[in-house]
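Before any comments, here is the structure.
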Amino acid sequence: MDLNTTSRLEAGETHHTAPGITAAMLQRVIETSLSGICIVDQEGCIAFANASLLAMWGYDLSEVVGKPVTRLWFSPEEARDCIDRVLSSGRWTGTVAARRRDASSFSSRISVSTVRDPGTADVWLLLSCIETGAKRGAEDAPGHCRSLERAVAAMPARFIDPAAIDPAIDDSFEDLGRACGACRVYLALFNDPRTHLGATHEWCRPGQVPLRGESRTLLKDDPPRWAVRVLKGETVIVNGISVDGRPDRVERELLERHGATAALMIPLRLNGAVVGFVGYDLDADGACFSDEDVALLSAAVHIIAGTLDRKQSEYIFRESEGLYQIVLDAITDTVTVVDTQLTVLLANDAFITWCEDLGLETDVVGKDLFTVVPFFPPATRQLYDRVIRTGRPLTSERSIRSGDRAMVLREMRIPIFDHGEVARVVTVARDVTAQREVEDLKSKAYAQIERNMEQFALLADHIRNPLQAIMGRAELLDDIETREKIRLQVQRINGIIDQLDERWGESRRLSTFWRKYS
């Protein structure tokens with residue numbers, strides 16, 4: 001398709017006229033049709049579009065001629081899929097999400113068919129469409145619901161980084177406000193006594209007076225009805241009319257202060273308690289929130305509440321982490337705290353020193369335990385899995401090796417619960433290698449002492465037997481004086497042996513005591 005072809009189409013010339021239909025008649029039909037019609041060339045570019053289609057999409061003719069027809073779809077992928085179906089079957093009809101010039105979306109019923117140029121045999125497309133949504137307005141525009149859905153769907157990705165939660169809330173409020181036609185979106189929090197209310201985050205349309213940073217005093221004994229309902233966890237719509245149909249002065253004052261005609265207040269819960277609400281203000285006459293709007297905006301508040309809840313838990317943990325760290329550093333045993341993914345959350349000085357002695361990395365917080373201590377065997381992971389699965393403490397003692405260094409670790413793993421589930425595991429470990437070596441030496445020493453005492457007992461018996469022979473021989477001597485001297489020496493030796501026997505018995509009892517209590 002070239003620009004000359006486009007000129008001929010705009011002038012009423014066409015290669016696609018049926019018998020009996022002139023180019024002028026075709027042009028008149030296309031121009032006066034209430035349906036949006038455009039002609040697409042074989043390259044997939046728009047060759048002509050009538051006034052109805054241009055009005056639906058918000059373009060001028062010069063802005064679309066020669067441009068890819070896929071720009072009419074909100075999703076280019078969906079557009080290419082539709083065109084492929086037309087080229088394969090010759091015709092396709094369906095409802096698509098269309099994209100206006102201002103990037104808003106609406107639903108359009110589209111019928112596309114192929115038309116073959118008899119002169120060149122090129123395949124062109126004839127697209128006819130109607131807008132399936134109701135009459136456009138601030139709250140019921142065809143693209144309104146889908147825009148709000150997209151705004152809510154985009155929120156979770158913004159809140160991945162807890163450090164960027166404030167700009168994420170501000171950006172989300174702007175998207176939500178524009179999507180639902182609000183003039184103001186804000187986050188308001190109660191103080192602990194629930195006597196003050198202040199806006200911490202706000203987006204407002206140009207021309208609106210910002211309320212962020214201002215606080216409002218609520219009478220403790222007589223708070224406004226909308227505040228009582230919010231604190232009870234109810235979603236409140238304020239329109240200046242009370243439940244009995246009469247004007248509500250307090251609500252009307254609130255709306256006047258906000259420059260709004262209607263307001264939606266969705267409670268914000270942290271740890272199950274209402275701490276504030278997210279408000280959405282409308283300023284168009286007769287504007288209101290549909291049930292679908294309320295559901296989507298409530299989902300947005302739930303996303304924000306979940307993020308704030310997580311940030312608050314992490315803040316409390318980090319605040320107490322300093323105290324934990326002081327206590328842990330005073331412990332001589334190595335102490336680590338890991339989550340259920342075995343990521344190190346805390347480590348005391350003893351653990352850092354132990355890593356340093358082994359030549360391991362000392363920057364351990366936030367890293368996987370098996371990255372920090374790569375020589376831990378697979379059995380270590382099984383021990384952690386067992387503690388996480390059962391919720392029971394577990395004590396173990398095992399030998400591990402780092403290079404040419406062997407060591408024995410005695411470990412106690414203690415589960416820490418959060419909302420009934422194991423969230424962290426505290427591990428207290430001690431390198432008992434030296435203790436084990438001492439115990440081995442003691443065992444060997446005790447065994448040697450036992451053998452020595454047995455030898456003493458045998459030696460005593462071996463000494464007594466010759467003494468008896470010596471004494472018998474002395475009794476045969478005729479020399480009384482010599483016989484008496486021999487007998488006295490034998491008795492003396494026997495006395496010494498008796499003392500050895502007593503000491504052997506005492507040593508036996510002492511050895512038993514040492515084995516039992518050392």
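Keep in mind that what you see is a predicted model, and the values were worked out from it rather than measured.
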For this session: Kindly compute the distance separating CG (Asp170) from CG (Asp175), expressed to the nearest 0.5 Å.
Result: 11.5 Å
Exercise. So how far is it from Phe173 CZ to Glu202 CD, rounded to the nearest 0.5 Å?
Worked result: 9.5 Å
Exercise. Okay, side chain of Ser290, backbone of Asp293: is any donor-acceptor separation there less than 3.5 Å?
Worked result: yes
Exercise. Side chains of Ser104 and Asp102: is there a donor and an acceptor less than 3.5 Å apart?
Worked result: yes
Problem set entry | Expected output: side-chain Arg269 to main-chain Gly233 donor-acceptor under 3.5 Å | yes
For this session: Kindly give the heavy-atom pair with the smallest separation between Val422 and Val387, and that separation in Å.
Result: CG2-O, 4.2 Å
For this session: Take Arg184 and Leu211, measure what side chain to side chain contact (heavy atoms under 4.5 Å, CB included) needs, and give me the verdict at the end.
Result: CA-CA 9 Å; Arg184 185 192 316 276; Leu211 302 177; 3.6 Å; yes
Exercise. Distance under 6.0 Å and angle within 45° of the ring axis: does Arg398 meet both against Phe376?
Worked result: yes
For this session: Measure across Tyr59 and Arg71 and return the closest heavy-atom pair with its distance rounded to 0.1 Å.
Result: CE2-NH1, 3.6 Å
Seminar exercise, completed: For Asn239 and Leu255, the nearest pair of non-hydrogen atoms, with its separation, is C-CD1, 3.6 Å
Exercise. Heavy atoms, side chains only, cut-off 4.5 Å: are Arg205 and Asp283 in contact?
Worked result: yes
Seminar exercise, completed: Heavy-atom closest pair (Ile110 atom, Val112 atom, distance to 0.1 Å) is CG2-CG2, 3.3 Å
Exercise. When you check the side-chain N and O atoms of Ser75 and Glu77, is any donor under 3.5 Å from an acceptor?
Worked result: yes
For this session: Measure the spacing between SG of Cys183 and CG of Asp281 and express it to the nearest 0.5 Å.
Result: 5.0 Å
Problem set entry | Gap separating the CD atom of Glu411 from the CG atom of Asp431, nearest 0.5 angstrom | 10.5 Å
Exercise. Any Lys/Arg nitrogen of Glu174 or Arg178 sitting under 4.0 Å from an Asp/Glu carboxylate oxygen of the other?
Worked result: yes
Exercise. Do NZ/NE/NH1/NH2 and the carboxylate oxygens of Asp84 and Arg80 come within less than 4.0 Å?
Worked result: no
Problem set entry | Other residues, nucleotides, ligands: >12 heavy atoms within 6.0 Å of Glu397 CD | yes
Problem set entry | Worked check of side chain to side chain contact (heavy atoms under 4.5 Å, CB included) between Trp354 and Leu409 | CA-CA 12 Å; Trp354 182 71; Leu409 292 183; 4.2 Å; yes
For this session: Examine the side chains of Ser111 and Arg91 and answer whether a donor and an acceptor come within less than 3.5 Å of each other.
Result: yes
Problem set entry | Considering all heavy atoms, the nearest Leu282-Cys180 contact | CD2-O, 4.0 Å
For this session: Could you tell me which non-hydrogen atom of Ile303 sits nearest to which non-hydrogen atom of Val152, and how far apart they are?
Result: CD1-O, 3.9 Å
Exercise. Are any side-chain N or O atoms of Thr261 and backbone N or O atoms of Ala284, one a donor and one an acceptor, separated by less than 3.5 Å?
Worked result: yes
Exercise. Are the side chain of Thr334 and the backbone N or O of Ala429 linked by a donor-acceptor pair below 3.5 Å?
Worked result: yes
Exercise. Between Leu125 and Thr114, is a side chain to side chain contact (heavy atoms under 4.5 Å, CB included) present by the stated rule, with each step listed?
Worked result: CA-CA 5 Å; Leu125 301 180; Thr114 58; 3.7 Å; yes
Exercise. Is any side-chain heavy atom of Phe277 less than 4.5 Å from a side-chain heavy atom of Val236?
Worked result: no
Problem set entry | Interatomic distance, Leu54 atom CG to Glu63 atom CD [nearest 0.5 angstrom] | 9.0 Å
Exercise. When rounded to the nearest 0.5 angstrom, what distance separates CG in Leu383 from CZ in Arg413?
Worked result: 4.5 Å
Problem set entry | From CA spacing to verdict: side chain to side chain contact (heavy atoms under 4.5 Å, CB included), Met412, Thr395 | CA-CA 4 Å; Met412 174 176 285; Thr395 301; 3.3 Å; yes
Problem set entry | Name of the residue among Thr340, Ile388, Ile414 meeting side chain to side chain contact (heavy atoms under 4.5 Å, CB included) with Val425 | Ile388
